[in-house]
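Being a predicted model, the structure only gives us computed values, none of them experimental. Chain letters run A, B, ... following the sequence lines, proteins first, then strands; residues in each count from 1.
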Amino acid sequence: MAENSNNTNQTATVRVKRGLAEMLKGGVIMDVVNAEQAKIAEDAGAVAVMALERVPADIRRDGGISRMSDPEMIIGIQEVCTIPVMAKVRIGHFVEAQILEHLGVDYVDESEVLSPADETHHVDKFAFKVPFVCGATNLGEALRRISEGACMIRSKGEAGTGNIIEAVRHLRSITGDIRAITLADNAELFEWAKKLQAPLPLVQEIAETGKLPVPLFCAGGIATPADAAMAMQLGAESVFVGSGIFKSNDPAPRARAIVEATTNFGDPEVLARVSRGLGAPMTGIGMDDSIKFADRGW
Amino acid sequence: MVTTQQSGRRCVGVLALQGAFAKHTSMLEDCDPDLEVIEVRTPKQLEMVDGLIIPGGESSTISKLLDLNDLRQPLAERLDAGMPVFGTCAGMILLATEVLDGREDQHSFATIDLSVRRNGYGSQLDSFEADLLIVGLDDPYQAIFIRAPKVEAVGSSVEILASIDDSPALVRSGQRLASSFHPELTNDVRLHRMFLDTCF
């Protein structure tokens with residue numbers, strides 16, 4: 001008979017906070033605006049849902065200030081889901097984060113998709129038990145977020161556009177710089193830290209391991225199974241799909257196809273099969289005449 | 001079926017549909033450089049392995065992907081035939097006979113006589129790490145529980161190797177192991193070694 005272990009339990013350690021991100025790898029995190037969509041997402045095989053009041057495409061269209069969602073709506077989604085529930089706070093808005101932590105959400109996204117609350121500071125994420133995911137357009141931004149306590153990084157892309165080009169740019173920038181750092185000598189690492197405006201120990205860690213210290217996911221513009229597989233082949237470890245599912249003609253089959261494509265991202269036979277007959281994807285929105293969410297974050 | 005007997009090289013698979021499969025793969029490789037470790041996503045890959053790790057992840061997602069990738073039936077047959085297996089967290093749920101608080105469309109293989117409650121320790125805020133005393137290991141093992149399943153009952157054929165707050169956390173039944181925690185999130189390979197010793 002095993003001896004009973006107890007009284008040593010520690011919650012909210014770095015390993016525990018990063019650990020949930022590890023469990024979401026190879027999966028799809030879907031934006032949902034109500035319990036009904038959350039059910040569709042979970043039925044399709046989502047690994048987590050992001051609860052928010054308006055998907056990014058609508059935020060982009062409507063303009064105005066966008067904020068943390070109504071707790072009532074988040075609770076409604078928590079009640080129907082067995083998978084983790086995430087929710088967004090404005091950049092720097094630590095009180096919205098306190099509220100989400102109190103609601104018991106599984107992950108907080110400090111997100112550029114909402115209107116920033118602070119033009120200089122991000123949330124001190126070490127002050128929270130709930131883990132945070134943050135967006136990044138390049139490696140320096142990713143490392144600054146990690147140094148503030150982020151436990152997962154998602155490349156930002158440009159949310160709500162249905163256009164993958166920004167996500168590709170950001171992913172390539174992050175993974176390309178990681179590859180370059182692994183070839184740098186010690187003297188060059190100081191220069192990298194300066195150039196990236198990132199803490200030297202994190203740059204040194206990347207030189208040693210060849211990867212970010214936390215999982216790297218991709219977001220912002222994924223609309224098709226092929227988009228998801230491309231992000232995965234470029235080095236993303238999971239994908240966030242926002243407007244791409246529920247702004248398409250037939251969300252449920254598209255959601256499942258993107259889940260299958262994310263698992264079998266290297267298998268063109270599967271990708272060809274799941275891409276067939278999905279109906280119209282979301283209509284793309286031009287980026288030129290509207291605000292760039294990705295520029296938010298410091 | 002190509003197994004050790006034909007290829008001469010021992011081969012262990014990690015089910016790679018979703019979740020923390022990459023970390024399991026690298027830890028198995030750390031245990032034994034001569035071991036062939038493959039990611040299993042297709043029935044053909046499943047045929048090649050002598051033993052299998054089912055990793056942590058979301059059990060409802062993995063269950064769905066087993067159907068979508070035509071792995072449900074072949075995996076059930078290998079498990080019924082006694083293939084050594086180690087299920088961690090979501091993997092434990094998939095090996096259990098009874099799943100409480102799961103989804104109606106989520107199906108487990110009833111490989112180990114266990115009743116588990118999905119997310120039985122609570123939400124992410126309740127996730128924790130603890131030092132476990134494990135039968136067969138001299139020193140405590142740092143175990144990380146992430147939205148972990150809680151074992152509520154075990155059958156008489158099941159050996160309890162570790163418990164936390166009176167709930168079994170690591171169990172063995174013949175050549176089958178299951179843990180409610182994540183041995184792949186530390187660098188401690190002792191449980192991976194224990195599994196390989198069980199396999200071969």
Side-chain angles (χ1 to χ4, degrees), chain A residues 1-28 39 42-48 78 81-86 101-107 128-131 215 237-238 256-257 259-260 262-267 269-270 274, chain B residues 16-23 41-42 55-65 68-69 89-90 101-103 105-106 118-119 122-135 140-147 159-166 168-171 182 184-186:
Chain A
M1 179 65 197
E3 284 179 73
N4 194 30
S5 317
N6 57 20
N7 297 328
T8 56
N9 301 5
Q10 285 180 286
T11 57
T13 63
V14 168
R15 290 195 299 194
V16 163
K17 288 160 85 173
R18 291 181 182 175
L20 179 56
E22 296 288 338
M23 297 313 127
L24 303 178
K25 281 185 176 175
V28 183
K39 287 299 286 181
E42 194 174 307
D43 287 347
V47 289
Q78 285 175 313
C81 279
T82 68
I83 54 177
V85 175
M86 305 184 176
E101 181 174 78
H102 179 78
L103 293 178
V105 304
D106 296 295
Y107 243 92
F128 289 83
K129 292 182 73 174
V130 63
E237 296 174 297
S238 279
R256 197 173 74 182
V259 168
E260 278 193 81
T262 303
T263 291
N264 302 289
F265 65 88
D267 186 340
E269 192 185 324
V270 176
V274 304
Chain B
L17 296 174
Q18 191 273 316
F21 51 85
K23 294 220 160 181
R41 290 188 180 84
T42 65
E58 285 304 317
S59 59
S60 54
T61 303
I62 296 172
S63 175
K64 201 160 297 278
L65 287 163
L68 294 173
N69 277 25
C89 195
D101 291 346
R103 284 173 55 90
D105 63 351
Q106 122 174 44
R118 197 171 171 208
N119 301 332
S123 77
Q124 173 61 16
L125 287 177
D126 306 299
S127 293
F128 62 97
E129 53 183 273
D131 287 339
L132 276 193
L133 304 168
I134 293 178
V135 172
Y141 186 96
Q142 282 193 313
I144 301 176
F145 295 75
I146 309 282
R147 286 168 48 90
E159 190 184 353
I160 298 168
L161 300 182
S163 292
I164 181 93
D165 299 334
D166 296 321
L170 177 69
V171 297
H182 291 283
E184 77 284 10
L185 291 184
T186 60

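The distance from the OG1 atom of Thr13(A) to the CD atom of Glu129(B) is 3.5 Å, given to the nearest 0.5 Å. Residue Thr82(A) holds its OG1 atom at 6.5 Å from CD of Gln106(B), rounded to the nearest 0.5 Å. The CD1 atom of Ile146(B) lies 12.0 Å from the NZ atom of Lys17(A); values are rounded to the nearest 0.5 Å. How far CG of Leu185(B) is from CZ of Arg18(A): 11.5 Å, rounded to the nearest 0.5 Å.
Across all non-hydrogen atoms, the minimal contact from Ala20(B) to Met23(A) is CB-CE, 3.7 Å. Closest heavy-atom contact between Leu24(A) and Gln18(B): C-NE2, 3.5 Å. Between Asn9(A) and Ala130(B), the closest heavy-atom pair is OD1-CB, 3.4 Å.
Checking each of Thr11(A), Val16(A), Val85(A) against Gln124(B) for a side chain to side chain contact (heavy atoms under 4.5 Å, CB included) leaves exactly one that passes, namely Val16(A).
Contacts between Pro215(A) and chain B at a heavy-atom distance below 4.5 Å are absent for every atom of the residue. In this structure, chain A has a heavy atom under 4.5 Å from the side chain of Ser60(B), while its backbone stays farther away. Contact of Asp101(B) with chain A is made through the backbone alone, with heavy-atom distances under 4.5 Å. In this structure, the portions of Leu17(B) lying under 4.5 Å from any heavy atom of chain A include both its backbone and its side chain.
Panel note: side chain Gln10(A), backbone Phe128(B); no donor-acceptor pair is recorded below 3.5 Å.
Of the listed residues Asn119(B), Leu170(B), Asn69(B), the one with more heavy-atom pairs under 4.5 angstrom with chain A than any other is Asn69(B). Residue with the most contacts toward chain B among Val105(A), Ile83(A), Asp106(A): Asp106(A) (heavy-atom pairs, distance under 4.5 Å). Each of Ala44(A), Ala21(A), Gly45(A), Ser238(A) has some count of heavy-atom pairs under 4.5 Å with chain B, and the biggest count is that of Gly45(A). Heavy-atom pairs under 4.5 Å with chain B were tallied for Lys129(A), Glu101(A), Glu42(A), Glu237(A); the largest tally goes to Glu42(A). Between chain B and the residues Gly19(A), Pro84(A), Gly26(A), Gly104(A), the most heavy-atom pairs under 4.5 angstrom are made by Pro84(A).
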**Residues Lys64(B), Asp43(A); criterion salt bridge (charged side-chain N to carboxylate O under 4.0 Å, His left out); working and verdict** = CA-CA 9 Å; Lys64(B) 201 160 297 278; Asp43(A) 287 347; 5.5 Å; no

**Request:** Would you check, one step at a time, whether the test side-chain contact (heavy atoms from CB on, under 4.5 Å) holds for Leu68(B) with Asn264(A)?
**Result:** CA-CA 11 Å; Leu68(B) 294 173; Asn264(A) 302 289; over 6 Å; no

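Using a 4.5 Å heavy-atom threshold, the side chains of Glu22(A) and Glu184(B) count as separate. Side-chain contact between Thr186(B) and Arg15(A) is present, with heavy atoms from C-beta onward closer than 4.5 Å.
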